[in-house]
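Order of the sequence lines fixes the chain letters, A, B, ..., with proteins taken first and strands second; residue numbering starts at 1 for each chain.
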Amino acid sequence: MDTQHLTQVTDTQWRLAPQGPMRVPGILFGSQALIRDMDDKVREQLANVASLPGIVQAAYAMPDAHWGYGFPIGGVAAFDPEEGGVVSGGGVGFDISCGVRTLHTGLDRAAILAVQQELADALYYRVPVGLGSTGGIRLDDREMDAMLAGGARWAVSRGFGRPEDLGRIEEGGRMAGADPKQVSDQAKRRQRDEMGTLGSGNHYLEVQEVTRIHDDAIAAAFGLELGAVLVSIHCGSRGLGHQIGTDYLKRMVLAASQHGIRLPDRELACAPLNSDLGRAYLGAMRAGINCALANRQIITHLARQVFREVLGVDPTLLYDVSHNTCKLEEHVVEGRRRQLYIHRKGATRAFGPGHPDLPESLRAVGQPVLIGGTMGTASYILAGTVQSQELAFNSACHGAGRALSRHAATRRWQGRAVQNELAQRGILVRSPSPRGMAEEAPGAYKDVSEVVAATDRAGLARLVARLEPLVCIKG
DNA sequence: ATGTTC
């Protein structure tokens, strides 16, 4: 992106002045190098988002932003229902509530290395992975609706994990306001036997070692020590979330003119928050959030079984974050408290210290912000800050962000070669898809360290710990 | 991301 279109505000904040139909400015976070490497499409898409009815303050792009469907991935936008604000399926993304959860194993690197092959094989055998993968659970209509209304709480009530897990999940493990009736039969049918599966693309289950502590006090509060081994699970709402996105995109395109909305881009299809269609989407999307929370809870149960069998330990949950959501939150804008719907697409909620929605055990330090990297580089744990409320409605980046398209990556790398190179570096990858491994080659991503450094410098979240992979189960 | 094209 040519920075001449932007005004530099700080070393990590750039402003796109309102022009044409834009109702508010665009704000991009990132170092000069990250902004320069961003596609011009990010700026165009940000300008489109800034043109939507009822948008408040600005349209934001996180340091890992890249071109997405309608909204940029790494995009954040708040809408006020009292001012004609809208909800957009493209603003949430097709993988509703895709997110990351991280568990403590209580083990160190040496314990893993002693059984590394066996652990990798056992996890790969136990956790279903890949496009169209199915699990050992079948949901009838009644159980489907209970899952869509109950999220991880439903999963715990059915024996997947423990009640104490729930306090370490956004929304206490259950998104309120879900309305399973607003989810199509087709979406439910697609999900019937996909619970407890990772899916494909950038989804994974990783065993990781803490290789650097950046903030001693917060790391201690999160229970993180140098050399400790963690498990991170990155996945979402599978076929159900995708079908909800598809269903409502069509309906929002068709209804836009009735709602008096002129779309700068069909992919920005949206509906007023105060409309039947807007409310129906919110009910369905919240059911999609519960599906993703239940899915990560079941996968946690499967991973725990493996860790008990192979290593005799029972991992505990550090935290679970979603990064494709639209959530109703209270924010102070220019001194006034307002109830706003915050779209975060490829962006993590990042509540700072003292936020009332955080569990008591985390309230003093702020919310863990779990950033997934690539299978060959690093992942990071950050913490929410107080100032991120004013900067971007308590939001932070979500990952490395792609630098090369999937197609370009498959031309440059071969999956088996990627796997072998990683094995030589001590990282065991298991995947059903050589093509998937090529698409996900570490070189196809931006430098996650640069992304989190910019996030930390911008004040969006504070850097706490660096993690490096030992085992990766990859879709 | 996705029964990788309705």
Rounded to whole angstroms, how far apart are [atom1] on [X] and [atom2] on [N]?
X	N	atom1	atom2	value
Glu440(A)	dT2(B)	CD	P	11 Å
Ile96(A)	dT2(B)	CD1	C1'	12 Å
Arg435(A)	dT4(B)	CZ	C1'	7 Å
Tyr248(A)	dT2(B)	OH	P	20 Å
Arg189(A)	dT2(B)	CZ	P	19 Å
Leu254(A)	dC6(B)	CG	C1'	14 Å
Tyr69(A)	dT4(B)	OH	P	16 Å
Asp95(A)	dT2(B)	CG	P	6 Å

Classify [X] by what it touches in the nucleic acid, base, sugar-phosphate, or nothing, heavy-atom distance under 4.0 Å.
X	value
Gly199(A)	sugar-phosphate
Gln191(A)	nothing
Gly236(A)	nothing

#### Entry: Between Tyr341(A) and Glu329(A), a side-chain donor and acceptor under 3.5 Å
no

### Message
Within a 6.0 Å radius of atom CZ on Arg435(A), are there more than 12 heavy atoms belonging to other residues, nucleotides or ligands?
### Response
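It does not: Arg435(A) CZ has 12 such atoms or fewer within range.
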
### Task
Kindly say if Ser200(A) contacts the phosphate of dT4(B), meaning a side-chain N or O under 4.0 Å from OP1 or OP2.
no

### Query
Are any non-hydrogen side-chain atoms of Thr300(A) and Arg101(A) less than 4.5 angstrom apart?
yes

### Query
For the side chain of Ser395(A) and the backbone of Ala350(A), is there at least one donor-acceptor N/O pair under 3.5 Å apart?
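No; judged by distance alone, with no hydrogens or angles, the pair does not exist.
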
#### Entry: DNA chain B: 5'-proximal contact among Arg238(A) and Lys250(A) (nearest heavy atom)
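Between the two, 5'-proximity favours Arg238(A).
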
